[in-house]
Colleague: 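What follows is a structure written as structure tokens; I'll ask about it next.
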Amino acid sequence: MLAKNKNTRRMISACTAVIAAMGLSAGVTSQSQATTKTLGLIIFNGQDTFSQLAEKGILAAAKTNGWTVKTVDVAGSVDGANSAIQNFVSAKVNAIIATVVASTSLKSGLAQATKAGIPVVSQSGGLAPGIAGNVTSVNDVSNAAPLLDMAKVMGGKGRVLAFTFKPGLPCLLRENTLDSVMSKYPNITVTKSELPSDGHAAYAASTTAAWLQTNASYSGNLAVWACYDDPAVAAISSITASGKKAFVYGYNGSADALAAIKAGTMKGTVFFDPIATGKATFAAVLTSLKAGKKANLGTIAAPFTLITSANVATLLP
Amino acid sequence: MKSNLTFVEKGTRFLVNYSALIVLAVLIVVFGTLSPSAFFSLNNLQNIFVQASPGGVVALALTITMIVGEFDLSVGYMASLAGLLVFGFMVNHHDSFILSVFYSLGATSLLGLISGLIVSRLKVNAFIGTLGIGFVAVGIVYSFSNGALITGKTPHIVDTLGLGSIIKIQNLTLLWICCIAILWVVTERTPLGVHMRAIGGQARAAELVGLPVAKIRMWAFVCSAFLAGFGGIMLSMRLGSGQPNAGNGYLLDGFSATFLGRGFYRAGEFSVPGTVVGALILQVGYNGLAIIGMPTAAKYYFSGGTLVVALALGTIAGSYHFKLNDRKRKK
């Protein structure tokens, strides 16, 4: 009984201590509110090269406009993205940008931002109730560009290893395009491999090595397609080590991918200027603020270029 | 009864018994001082609790197996599985909410039963057994959804539970509180709870006095999987979709919360109130860091730091109580 009482006392003391701590801090005089506007920036996957550069574009545009930026990298956690939006609402930011994470999975975060009248702009996450606008280069045309080139260089027949990542919306949309384009090439066999939540490069390298091993005796055309550049670039080392030849395609036009195209180890990538995309996303924030609470900018397209050995010199002289 | 402890010993005992609470209070004071208007707003306090709720339930799932001296590495995967299944049944199969929840929790409970049988009857190491079952859960997730998120029209109750509130307390927080209350009663106020702690403390001795060690451990795994699934369903209601890997990250946070909890309530032991304080420490930390605008690296320093501190505190608390009891015996 004594032990029970002792533990109950600890529970009561816990509540008392926490309330006391809250009171102690609440008594501290609040600092004057800053006059500059603040942007809450949610990076879904900070290890992705495109996201890193898009972040640079957003930060540069924000700085030019005199905004401060609070950044949170949620490391692929959708729950973390919802929490980040809610925390930014508590921090009373003026606007929020969510990169890549599917907007349809931000229900609780968007509900709170909408209630607080804070616009949320998505970069490549798609539209959903509560999203003021979605800036994206991801569309059917840009998605299909490397796939059509791949089918052409393969002569319409061969085997493809495709790295997919369904939790990221751009990857999911590109996979849908992969399915639709490849359905027109019945002589190309596609083997899909879903990337895990982290460690994409290592996974892509080891899976490619295993796939090449199973195709050791195959003499037709081989290709590796990834829904973004990093796994595609990671696959190159396995292809080189195996001594086989495979056409490698990706998206985003990362520096590593461009260097690989120049070196002849990669066939193509779709280049979206990530810094320009970041700046366009911040511009959408300013537009949505001007439009007010009912801002509905829809999908805002960003340009793209298919980079191959023919035009890589324009980016890497 | 008059205590024979010296002032220093009393101080040490206080620090050991309340270390987790002290950490929580310090965090509140620090963040409350740095950003008082934002941190102490009603909205933010609601946020802290609602954000902690799904992960808090998963941490409780982990606590149940820890109390009986085992651990369950599948809890994060179970949460993902149940969260995905519940949306899958509602959206793709047009099942009712209740039926979808029943199927989802049934699936995770069945996997928990298999874990329990593997660990308690076949004597397979829990590390291997539960990790294996966790991967099976991932396999089911991918078989069911092909790895894609599931979203679509769902019954109104999903939004009510996921986004609604009663007297300023969000429904997900109320569900967490219900879980806490039930588990607290079971583990602290029933003979079963005493048996569980006896097994966790010294399984061989518990077996010698006739306690059904294997049976209790097996049901602890079932309970853990059920709770982890429940946490996953809460998470999916919060997201508004079923995500294939949404709950995976709860494993490490769950471990941090349970070990941090050893510094409170039953110092040196795993307990339900301790885990709740541990979960709040983590959530207050994540929330506060986001509000004051610390860079992303700070979150990882905090996560890693709290895990190390939690383990250290738990070890210190455990060894301190052992020494204290040993000295009492000698006297």
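Naming: A, B, ... by sequence-line order, numbering from 1 per chain. Computed from a predicted model, the values in this text were never measured in an experiment.
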Colleague: Can you list every salt bridge (Lys or Arg N to Asp or Glu O under 4.0 Å) pair that touches residues 235-250 of chain B, not counting sequence neighbours?
Modeller: A:Asp79-B:Arg238

Colleague: At a 4.5 Å cut-off on heavy atoms, which part of A:Ser83 comes close to chain B: side chain, backbone, both, or neither?
Modeller: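 When you check distances to chain B, atoms from both the backbone and side chain of A:Ser83 fall under 4.5 Å.
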
Colleague: Using a 4.5 angstrom heavy-atom cutoff, name the option from B:Asn47, B:Asn43, B:Leu27, B:Leu289 with the most pairs to chain A.
Modeller: B:Asn47

Colleague: Chain B: which of A:Ser108, A:Ala91, A:Gly40 shares the most heavy-atom pairs with it under 4.5 Å?
Modeller: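 Looking at each option in turn, the highest pair count goes to A:Ser108.
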
Colleague: I'd like to know if the side chain of A:Thr99 and the backbone of A:Gln123 have a donor-acceptor N/O pair within less than 3.5 Å.
Modeller: no

Colleague: Where does B:Val50 contact chain A at under 4.5 Å (heavy atoms): side chain, backbone, both or neither?
Modeller: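 Looking at B:Val50, just its side chain touches chain A.
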
Colleague: What option among B:Gln46, B:Lys299, B:Gln283, B:Gln51 has the most heavy-atom pairs under 4.5 Å with chain A?
Modeller: B:Gln51

Colleague: For B:Met237, is it the side chain, the backbone, both or neither that has a heavy atom under 4.5 Å from a heavy atom of chain A?
Modeller: neither

Colleague: Which bit of A:Gln112 is near chain B, if near means a heavy-atom gap under 4.5 Å: side chain, backbone, both or neither?
Modeller: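 Side chain only.
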
Colleague: So for A:Glu194, is it side chain, backbone, both, or neither that comes closer than 4.5 Å to the heavy atoms of chain B?
Modeller: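 Contact with chain B is through the side chain of A:Glu194 alone.
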
Colleague: Could you check whether the rings of A:Tyr203 and A:Phe163 sit parallel, tilted or perpendicular, using 30° and 60° as the cut-offs?
Modeller: perpendicular

Colleague: Chain A: which of B:Ala290, B:Ala246, B:Gly242 shares the most heavy-atom pairs with it under 4.5 Å?
Modeller: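 The residue among B:Ala290, B:Ala246, B:Gly242 with the greatest pair count is B:Ala290.
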
Colleague: Does any backbone or side-chain atom of B:Tyr286 lie under 4.5 Å from a heavy atom of chain A? Answer side chain, backbone, both or neither.
Modeller: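 For B:Tyr286, backbone heavy atoms alone lie under 4.5 Å from chain A.
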
Colleague: Using the six-membered ring wherever Trp is involved, compare the ring planes of A:Tyr251 and A:Trp225 and label them parallel, tilted or perpendicular (cut-offs 30° and 60°).
Modeller: perpendicular

Colleague: So what's closer than 4.5 Å to chain A heavy atoms on B:Tyr250: side chain, backbone, both or neither?
Modeller: side chain

Colleague: Does the B:Ser80 side chain pair with the main chain of B:Asn248, one donor and one acceptor, at a distance under 3.5 Å?
Modeller: yes

Colleague: Between B:Asn146 and chain A, with a heavy-atom cut-off of 4.5 Å, which part of the residue counts as in contact: side chain, backbone, both or neither?
Modeller: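 Backbone plus side chain of B:Asn146, per the 4.5 Å heavy-atom cut-off to chain A.
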
Colleague: Would you call the rings of B:Tyr77 and B:Phe135 parallel, tilted or perpendicular if under 30° counts as parallel and over 60° as perpendicular?
Modeller: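 B:Tyr77 vs B:Phe135 ring planes: tilted.
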
Colleague: Could you look at B:Ser35 and say if it's the side chain, the backbone, both or neither that has a heavy atom under 4.5 Å from chain A?
Modeller: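 Contact with chain A: none, neither part.
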
Colleague: For B:Asn287, is it the side chain, the backbone, both or neither that has a heavy atom under 4.5 Å from a heavy atom of chain A?
Modeller: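 Both backbone and side chain.
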
Colleague: How long is the span from the CD1 atom in A:Ile58 to the CG atom in A:Leu53, to the nearest 0.5 Å?
Modeller: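 So the CD1 of A:Ile58 and the CG of A:Leu53 are separated by 11.0 Å.
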
Colleague: Taking only residues two or more places apart in sequence or in another chain, which ones pass side chain to side chain contact (heavy atoms under 4.5 Å, CB included) with A:Thr177?
Modeller: A:Asp140, A:Asn143, A:Ala144, A:Leu147, A:Val181

Colleague: Between B:Asp159 and A:Lys107, does at least one N-O distance fall below 4.0 Å, as a salt bridge requires?
Modeller: yes

Colleague: Taking side chain as C-beta onward, heavy atoms only, is B:Ile150 less than 4.5 Å from B:Ser145?
Modeller: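 In contact.
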
Colleague: In terms of heavy-atom proximity below 4.5 Å to chain A, should B:Ile291 be classed as side chain, backbone, both, or neither?
Modeller: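 For B:Ile291, heavy atoms of backbone and side chain both lie under 4.5 Å from chain A.
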
Colleague: Let me know if A:Ala102 has heavy atoms under 4.5 Å from chain B in its side chain, its backbone, both or neither.
Modeller: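 For A:Ala102, side-chain heavy atoms alone lie under 4.5 Å from chain B.
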
